[in-house]
Amino acid sequence: MPKSITNAYQNDLAYIHDAGFGQFAKNAAAEVLKCLRQNRVGDGLVVDLGCGSGILAEAISAAGYGALGFDLSAAMVALAQQRVPNGKFRQESFLTAALPPCVAVTAIGEVFNYLFDARNTNARLTKLFHRIYDALPHRGLLAFDVATPGRGGKTGRQRNYSQGTDWACLFTAEEDRSRKILTRDITSFRKVGEFYRRDHEVHRLRLLNRTELAAQLRDIGFRVRTLSGYGRVKFPPGYVGFVARKP
Ligand SMILES: C[S@@+](CC[C@H](N)C(=O)[O-])C[C@H]1O[C@@H](n2cnc3c(N)ncnc32)[C@H](O)[C@@H]1O
């Protein structure tokens with residue numbers, strides 16, 4: 001991995017994300033499948049950028065599409081490969097992933113915001129959108145969601161916790177409004193044998209502007225629709241979804 005890459009979603013947090021936060025990807029998968037059907041795209045390959053533990057890939061694959069996932073986290077890639085044995089998963093940044101011809105590209109769960117790959121800038125994201133456009137056929141789709149300014153809530157600071165049967169997680173999030181950066185500090189506890197193992201990760205996300213993203217996608221040639229949630233589940237403040245269609 002190049003020097004610009006930060007290791008994140010290591011074993012315990014990858015496990016916890018999969019065990020405790022998977023519903024979001026399930027809802028997103030239902031939305032993506034609905035959009036594919038509406039566009040009469042019945043089969044073909046779906047490329048999932050920041051595929052995590054393969055929850056969307058599993059749904060896509062069960063519906064008869066091929067699944068190819070890219071993620072920077074080795075632990076996530078291993079979980080995805082276990083979950084979807086007939087899918088293909090690679091440990092690679094979405095910025096450098098080679099995109100084969102495909103019917104849809106997805107990036108679910110703030111993937112484009114993360115600064116785990118320090119090369120993630122507006123210019124690199126624009127290049128990626130061009131490459132996605134070129135990989136898609138007529139009626140092909142790009143579906144993703146991002147965090148926008150305001151993600152840190154009214155005060156710009158949040159503290160929260162979450163727990164499952166064999167894990168617990170404590171988070172703080174702090175939004176730097178002038179630099180448009182959200183920093184999440186995550187302490188996790190996962191039961192290993194008799195005891196709980198403690199781990200700690202810091203995630204930095206650059207907050208993206210909804211209007212600029214929509215304009216950028218339209219300039220490339222996409223028809224763009226924004227989403228306020230997946231299905232009936234609405235996004236929190238400071239969050240937006242996009243379905244961009246190649247005409
Ligand atoms: C919040 S998780 C969402 C995972 C999955 N899409 C889901 O919805 O369950 C964000 C994922 O993006 C991945 N990620 C962040 N930056 C990335 C990059 N530059 N290239 C590939 N994956 C990246 C992380 O490793 C993590 O698995």
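Just follow the structure's listing: the first ligand is 1, and inside any ligand the first atom is 1. Here, residue 1 is the first one in the sequence, and each next residue gets the next number.
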query = Which class fits the ring pair Tyr230 and Phe235: parallel under 30°, tilted 30 to 60°, perpendicular over 60°?
reply = perpendicular

Take a 6.0 Å sphere around NZ of Lys127 and say whether it holds more than 12 heavy atoms from other residues, nucleotides or ligands.
no

query: Strictly under 6.0 Å, is that where the ring centroids of Phe144 and Phe129 end up?
result: yes

Would you check if there is a donor-acceptor pair between the side chains of Asp166 and Tyr15 at a distance under 3.5 Å?
yes

Do the ring planes of Phe21 and Trp167 sit parallel (below 30°), tilted (30 to 60°) or perpendicular (above 60°)? tilted

The protein residues that pass the under-4.0 Å heavy-atom test against ligand 1 are Tyr9, His17, Ala25, Gly50, Cys51, Gly52, Asp71, Leu72, Ser73, Met76, Glu92, Ser93, Phe94, Ile108, Gly109, Val111, Tyr114, Phe116, Asp117

Are the aromatic rings of Tyr161 and Phe171 close, with centres under 6.0 Å apart?
no

